[in-house]
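Below is one structure; the comments refer to it alone.
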Amino acid sequence: MAEPGIVAILIEDERQIRRFVRTALETEGWTVHEAETLRQGLSDAATRKPDLIILDLGLPDGDGIDFLRDLRSWSKVPVIVLSARVGEQDKIAALDAGADDYLTKPFGVGELLARVRAGSRRRMQDGASRGTTFEFGDVRIDLNLRSVHKKGSPVHLTPIEYRLLTLLVANAGKVMTHRQILREVWGPSHAEDGHYVRVYMGHLRQKLEDDPAQPKHILTETAVGYRLVQSAV
Amino acid sequence: MPTSSEQRPDPDVLLAKVKQQEAQAQRGRLRIYFGSSAGVGKTYAMLAAARKLKGEGRDVVVGVVETHGRAETAALIDDLELLAPRVMPYRGKELTEFDLDAAIRRRPALILVDELAHSNVQGARHPKRWQDVEELLSAGIDVFTTLNVQHLDSLNDVVGGITNVRVWETIPDTVFDQADEVVLVDIPADELLARLKAGKVYVPVQADRAASNFFRKGNLMALRELALRRTADRVEGDVQAYRVDKSIGSVWKTAAALLTCVGPDPGAERVVRGAARLASQLNADWHAIYVETPGLQRLPAARRERILATLNLAQELGARTAVLANPDVAQSVIQYARSHNLSKIVIGRDPARRLWPWQRSSGQRLAQLAPDIDLVEIGRAEGAARNGVAGVVRLPAVTAAESNERRKAKRLRYLWATIAVAAVTLASFPLVAHFDNANIVAIFLLTVVLIAVRFGRGPAALAAVLGVGSFDFFFVPPRFSFAVSDVQYLLTFAVMLAVGLITGQLTAGLRFQARVASHREERAGALYEIARDLSGAVQIEQVVKISDESIGRTFRASAALLLPDPSGKLILNVTGEGSPPAADMGIAQWAFDKGEPAGFGTDTLPGSEVLYIPLRAPIHARGVLAVKAQNRRLLRIPEQRQLLDTFAALIAIALERVHYVGVAQDALVRMESERLRNSLLAALSHDLRTPLTVLVGLADSMSLTKPPLSAQQHEVVGAIQDEARRMSTLVGNLLDMARIESGDVKLNLEWQSLEEVVGSALTGARAMLKQHRIIVRLARDLPLVRFDAMLIERVLVNLLENASKYTPPGSTVILSAEVIADRLSVSVADDGPGLPVGREEAVFQKFTRGERESATPGVGLGLAICRAIVEAHEGRITASNRPGGGAIFTFTLPLGTPPAALEAEVANG
């Protein structure tokens, strides 16, 4: 799957969780470095040039949110957060601090690996000059021509809908919080108007999803934000 | 232009104007139909105007109208709504009276209340009708009323002088001046007399003779002139107010203010009225003061009462009042005038009689002391001086016991003085042989001084006279005779008498000063003490106790604090010590609601023995202080009332402080317990989820190991995964329930799309519903609804989970949503076995499941959580069986109005 020599850092204080996450990642070809504390994780992140960081928020020597803020000041490496905190405010805080994805405990190994793949794929696209076309399901987007097709026939999108779609495409696989979307699409003055996003996401789903009530690509993270997944869940 | 700035109105004046207008906007408007005497047609004019307004659709009610049997007036009332009078028992008779409470309950736009100067029957809320009208106005009801000129307080004595008929029912001029409109009802004197002859004027039977004197042509013309002039004054005032209002410059109110002095004479009242008239003519503020000298302090209680009553009258007429203590009246008056910047002094003319030719009138004294201050002398009323008519100020009777006691104490003092002189004479007798007579004189003088110090001026004077007599009789040769052999002794007698009298006078003055100073110190001390005590109080009970004790000590009165319960109703707080005054809760509640003092010595129910002072603190009224003084005169003295008011203010502030200390403590405790609960739940959540994560993860990784597991092993791993996940759901439900039960679920309400939440709920429940067929039927164009997405998703997941648990594999689950009336209705239906009949409601109880002995796992918390969440959204959740079989769960949410800006944008998009 992944090319050899890709490195993940796993920051988690529970030994048993480290054990099965490590096993799962290694079957996918990752080289995994374990860290029990934030301090150790930070020095690993600085020295081992990781391609992915998996971070538990509740660690004995501090809060993972602080780690994220620190890390984001000098690195863009994808971060997946694992946490027993289930409140939406906790998730939003972690995502706004710079996490790419968020998994609440308990989680399945399959779920974790899917998120890891999406994250590493986006990283690779970031690295290589990004292609001018993007596909998910039977939808094809040409970023040069600014055209969208579903099952080969053109779909008309309003300017705001198109901006919203390209934002999701650029961050495919990653959870975008309402605040982030509003800031990017509507500008900073609308940061509290969450219902704008919901209405336009509804429009996008109507136009692009087979069943808008059971979407397969434009997914809702309830009370947190949205995520575009390329391969159907 | 330099002049333009001078023309600009003073901002303070305009601000005051605006404030007054704001106050008036909420108040009702008062219109007075004003006439020179009875019979000019005021009531008729008022009724005619009211009928016209009624015709225009105004809500008009007749509160009280005296038709006095006149048919044409009665005819006007016919189709107007009449308020039933209140029947009050009075001395065995039943009297009818205007029903104020009914009027306020009825709340018409306009009410007619005849005879503004009427005095109410004892037992009514206010002693005077004009006070009833005040209350109507402040309740926002417009009032029409009628008034005769002789009922105006400031003109009362003038009218009495003209007609020789004194009326007792008066209203303060301020009421007249502050009326929004005054309509003068006027007819010539001849016509009025003609009407009188025709029997169209009501004349009370008992006052027939007086009335016939009253209705003389000369009187009527004079009265008419008075009424016209008074109305003209008012109109001029209106014009001036209008000019200020409209910023027309050139005429500005001068800052000049008047000072008037109140003395013990019956004429003082006349002076006060004169000053009030003058002040209103000059459009100036005025002050009334009473200077208490040692001489005045010795007056009998009844006369002192009258002085205070006259001061009260001045206050009613709009004056600021003060009581000063100083043996030199003129000095003290000038001092007061200077410190308050008063440029005119109004005094009554002194009586003509003078004791000594060199004695000067008080006017001359004042003129000499302050040549720059204008002096106005008000002439004496002939009758008042001669027969001592007390004017309209009526005095409460002083108890006989009290004056008896005083007289006894006085007599005792004179007795002691006599005894002292006798003793000194006796003691000096043996000394004659050894000492010169000059030394004996010195002993007598010493005695006089000591008596002056001990017993005051009167006894000292007596001692001086007795001393001279006894010295003459016993010591001056020829002894034992009043005859004097040596003429020199006459000088000795004169000097001795003069020295005795002068020292007596001086010492008495000193004693008075000392007493005043000690009174002042007492007041300051009492204030300091209660302030200190209250500042240390941290509980309501302490405040109550301190207040009771301090007031009891300072005013020799019993006091009770009445504090409101949460609904604003007052309750009595008894400390247990002493006997609290028998407080009338009705009056107390009135004082509390209106924020005005009531009861003894006030305008409201003055017949009560108890004084009720509302405790007004900066933020809220905190209760009522009920005070019953043993010596009620004490509460009439302005200084004492002010002191009591200051006490009330201090108590109110203390109560408010204690209240907020309590509020702050409660908030702190609540915050602390919330923080504790949250951290406990978070820790519990972490500790329970971590082992579950390990369990799920390890089971998952087993299925990923190579070589692959056998089919049987695979099944075991699957079972471990399922159970671990179920455990996780259970933990989630338990923690949610704990949070909801604690009562502090904060809804994160936002305008949400139901479709979106349904989508994520289905994703969350997919694993459970693997073996079920799911149909989603959402009405098109569902509006956005305000709810907490996380919690409503939880409701949907729980309902879906419930459906999966209680239906066999292969069943169909239908999730549908539509708008019904003003609600969004969402339901989850299945075609399973349905609910046991009669238990449709019970399934929402905690730890209840459809079937008692079911093997289906779960603790039955899910539906209880659903109900708690839906009800927190002001929605309803119900369960029932479908007609075709299977169960259906439905919940509704209120729709509300989605934000408008969004609608517009979506329409454009």
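Protein chains get the first letters and strands the later ones, always in sequence-line order, with residue 1 at the start of each.
- For A/Glu221, no part lies under 4.5 angstrom from a heavy atom of chain B.
- Qualifying ring pair (Phe, Tyr, Trp, His ring centres under 6.0 Å) partners for A/Phe136, counting only residues two or more places apart in sequence or in other chains: A/His217.
- Between A/Tyr196 and B/Trp751, a ring centre-to-centre spacing not shorter than 6.0 Å is recorded.
- At a heavy-atom cut-off of under 4.5 Å, chain B is reached by A/Gln16, A/Ile17, A/Phe20 from residues 15-26 of chain A, listed in order of number.
- Put simply, the side chain of A/Leu68 reaches to within 4.5 Å of the side chain of A/Val79, judged on heavy atoms.
- Within the 4.5 Å cutoff, side-chain heavy atoms of B/Leu796 are placed close to those of B/Val757.
- For A/Tyr226, the ring pair (Phe, Tyr, Trp, His ring centres under 6.0 Å) partners two or more places apart in sequence, or in a different chain, are A/His178.
- Using a 4.5 Å cut-off between heavy atoms, A/Arg85 makes no contact with chain B at all.
- Salt-bridge check for A/Lys216 with A/Asp211: failed, with every basic side-chain N at 4.0 Å or more from each acidic carboxylate O.
- Checked against salt bridge (charged side-chain N to carboxylate O under 4.0 Å, His left out), B/Glu818 has no partners two or more places apart in sequence or in another chain.
- Between B/Arg726 and B/Glu723, at least one side-chain N (NZ, or NE/NH1/NH2) sits under 4.0 Å from a carboxylate O, which counts as a salt bridge.
- The parts of B/Leu698 that come within reach of chain A are both its backbone and its side chain, each placing non-hydrogen atoms under 4.5 angstrom from that chain.
- Residue contact with chain B, scored on non-hydrogen atoms closer than 4.5 Å, involves the backbone and the side chain of A/Glu88 alike.
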